[in-house]
Protein chains: 2
Amino acid sequence: MNNEVLSQGAHRILEVAAHLFARQGYAGVSINDIAAEVGVSKANVFHHFASKEALYLAVIDAACDEFKTELECLKNHERDVALGLKQVACQHLMRLLSNPDPARLVLREVFKGESGIDSSQVAKILHRNFALLVEQIERGQVSGQFRRDTDPAMVAVTLIAQNIFFFQSWEILRQFPEFQNLDCAERLSAAAFDSLSKGLFAK
Amino acid sequence: MNNEVLSQGAHRILEVAAHLFARQGYAGVSINDIAAEVGVSKANVFHHFASKEALYLAVIDAACDEFKTELECLKNHERDVALGLKQVACQHLMRLLSNPDPARLVLREVFKGESGIDSSQVAKILHRNFALLVEQIERGQVSGQFRRDTDPAMVAVTLIAQNIFFFQSWEILRQFPEFQNLDCAERLSAAAFDSLSKGLFAK
DNA sequence: GTCTATATTCGGATAGAC
DNA sequence: GTCTATCCGAATATAGAC
């Protein structure tokens with residue numbers, strides 16, 4: 001969607017919209033607010049984005065973009081898919097924690113559908129990244145590093161669920177004595193990935 | 001906390017409070033509202049619960065109670081810890097989906113700390129269940145069914161993260177083609193547990 | 001008009017009678 | 001256990017002075 005190069009102006013609108021939507025929700029922000037904050041006319045906003053919905057979807061799309069980049073550069077790790085995945089997961093979690101606004105925006109939409117926009121459009125955006133992740137796991141399977149009798153989609157969703165859950169309940173989880181010794185995101189993420197890759201059952 | 005037998009009146013207050021807090025949030029509900037809805041005086045509410053905070057924590061506590069029961073009856077599965085865990089996870093997810101209000105209340109508090117209550121009190125309540133879960137996984141380790149070189153706490157948190165994530169993003173996830181063939185909670189939960197127990201790595 | 005002071009309302013909490 | 005009455009503080013509304 002936002003693969004086309006955005007003009008300077010469109011980019012600034014997108015940035016401001018992301019900020020406002022994250023803080024005040026979909027209904028709490030008017031195109032007027034955004035235009036005023038950017039310092040352009042309402043008409044200009046509509047010139048760049050067909051509707052409030054389209055702008056909002058573009059914001060979600062942009063929020064997913066960094067993860068996509070991280071995932072795509074993973075393809076370069078030709079050798080060790082596991083190591084690449086582990087790094088991506090770690091990067092992802094650290095980004096969530098250090099820059100929570102975009103994530104909160106997306107999660108609010110996913111969990112509550114707060115904008116009222118047809119959820120299939122949101123699903124489509126999110127699925128692009130999900131598919132990339134599944135693809136990488138499948139690559140690990142054909143390379144022989146990963147076992148072939150697990151569902152790649154299930155592994156993918158578990159990886160994401162771990163990170164989202166860590167992100168959301170960070171404040172509570174860090175108070176649990178079991179996590180006292182891995183209170184930094186890197187170590188937590190690494191431990192979570194190891195646990196997932198080793199599995200539960202004894203051989 | 002609510003192990004003591006609650007009087008009839010206190011129980012009704014708790015129920016109504018749970019319903020109202022779930023729908024309107026902590027700040028959106030006054031003791032007056034609750035008292036009026038129950039049909040008792042405000043003072044009576046304070047007779048049963050020392051403060052609004054205490055009542056709210058009692059509601060959270062009660063919301064966690066069912067999961068605790070499920071977990072405790074798991075101890076009876078002396079033989080197959082894995083099977084027991086799988087069933088508990090499945091039950092948990094199905095309960096989340098069929099009765100989302102209490103979960104939403106707890107999650108709002110965990111994720112956003114919306115009441116402003118000292119999060120360590122919330123952490124303490126939640127940790128009781130978490131510790132039970134970890135305990136069961138450790139039991140699987142000593143019985144030899146589970147490998148001993150994984151962190152039980154990490155497995156526990158992953159199990160919970162899966163269910164919470166499924167619960168929260170059910171509407172989106174079910175639209176992903178990869179999940180089209182497991183669109184009922186039982187199958188999804190089972191597949192997730194299998195994936196977690198088998199692990200990612202080929203032997 | 002705007003600012004400040006006063007009044008009213010509302011939510012949390014307590015005391016004491018029944 | 002339940003009630004009525006009441007207190008305190010914060011927020012909100014309102015009215016009158018400037």
Side-chain angles (χ1 to χ4, degrees), chain A residues 19-37 39 41-42 100-101 104-105 108 111-112 114-115 168-175, chain B residues 1-69 72 99-129:
Chain A
H19 183 240
L20 292 179
F21 281 138
R23 290 170 44 107
Q24 290 153 240
Y26 183 76
V29 178
S30 71
I31 296 288
N32 242 326
D33 297 337
I34 296 167
E37 180 83 18
S41 72
K42 197 156 73 158
D101 268 9
R104 277 203 256 271
L105 175 75
R108 267 218 309 272
F111 297 165
K112 300 198 287 222
E114 74 151 14
S115 69
Q168 291 183 113
S169 41
W170 186 252
E171 284 307 315
I172 296 290
L173 232 45
R174 61 185 306 178
Q175 297 182 51
Chain B
M1 174 176 275
N2 64 350
N3 279 344
E4 324 99 53
V5 185
L6 286 178
S7 69
Q8 185 94 68
H11 191 72
R12 285 191 55 222
I13 291 169
L14 203 60
E15 266 182 16
V16 169
H19 184 240
L20 292 179
F21 281 139
R23 289 171 45 107
Q24 290 153 239
Y26 183 76
V29 178
S30 72
I31 297 289
N32 239 329
D33 296 336
I34 296 167
E37 180 82 19
V38 179
V40 297
S41 72
K42 199 158 66 153
N44 184 261
V45 175
F46 281 108
H47 169 72
H48 289 292
F49 301 94
S51 64
K52 188 182 180 183
E53 260 194 41
L55 173 55
Y56 183 71
L57 287 173
V59 167
I60 290 182
D61 197 270
C64 294
D65 220 47
E66 289 191 54
F67 186 52
K68 194 171 100 188
T69 313
E72 276 173 344
N99 182 26
D101 270 8
R104 275 203 258 271
L105 174 75
V106 174
L107 292 180
R108 267 216 310 271
E109 184 59 34
V110 171
F111 297 166
K112 299 198 287 224
E114 75 151 15
S115 68
I117 290 177
D118 171 21
S119 76
S120 73
Q121 296 187 256
V122 180
K124 227 169 80 184
I125 294 175
L126 294 170
H127 186 262
R128 284 209 307 269
N129 278 343

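Hydrogens, waters and symmetry mates are skipped; everything else that's a heavy atom, side chains included, is used. Numbers restart at 1 for each chain; the letters A, B, ... are given by sequence-line order, proteins then strands.
Under the salt bridge (charged side-chain N to carboxylate O under 4.0 Å, His left out) criterion, B:E37 pairs with no residue, sequence neighbours left out.
Between B:H47 and the phosphate of C:dA13, there is no side-chain N or O to OP1/OP2 separation shorter than 4.0 Å.
In this structure, B:S41 reaches the bases: a heavy-atom distance under 4.0 Å links it to at least one base atom across the strands shown.
Shown here is B:R108, whose CZ atom has more than 12 heavy atoms of other residues, nucleotides or ligands within 6.0 Å.
Between the C1' atom of C:dG11 and the CD atom of B:Q24 lies a distance of 15 Å, rounded to the nearest Å. One can place CZ of B:R12 at 13 Å from C1' of D:dT2, the figure rounded to the nearest angstrom. Whole-Å rounding puts the B:N32 CG to C:dG12 P distance at 8 Å. Per the geometry, CD1 belonging to B:I13 stands 9 Å off P belonging to D:dC3, to the nearest Å. If you take OH of B:Y26 and P of C:dG11, they are 14 Å apart, rounded to a whole angstrom. In this structure, the CG atom of B:N44 is 15 Å from the C1' atom of C:dG12, given to the nearest Å. At whole-Å resolution of the value, CD in B:E53 and P in C:dA13 are 8 Å apart. Remark: P of C:dG12 and CZ of B:F46 are 6 Å apart, rounded to the nearest angstrom.
Out of D:dG1, C:dG12, C:dA15, the shortest distance to the side chain of B:K42 is found at C:dG12. You'll find that the side chain of B:A43 is closest to C:dA15, out of C:dA13, D:dG1, C:dA15.
Map B:D33 and B:A50 each onto its nearest nucleotide of DNA chain C; the residue landing nearer the 5' end is B:D33.
Relative orientation of the A:Y26 and A:F21 rings is parallel, given thresholds of 30° and 60° on the angle between their planes.
A donor-acceptor contact under 3.5 angstrom links the side chains of B:S115 and B:E109, judged on distance only.
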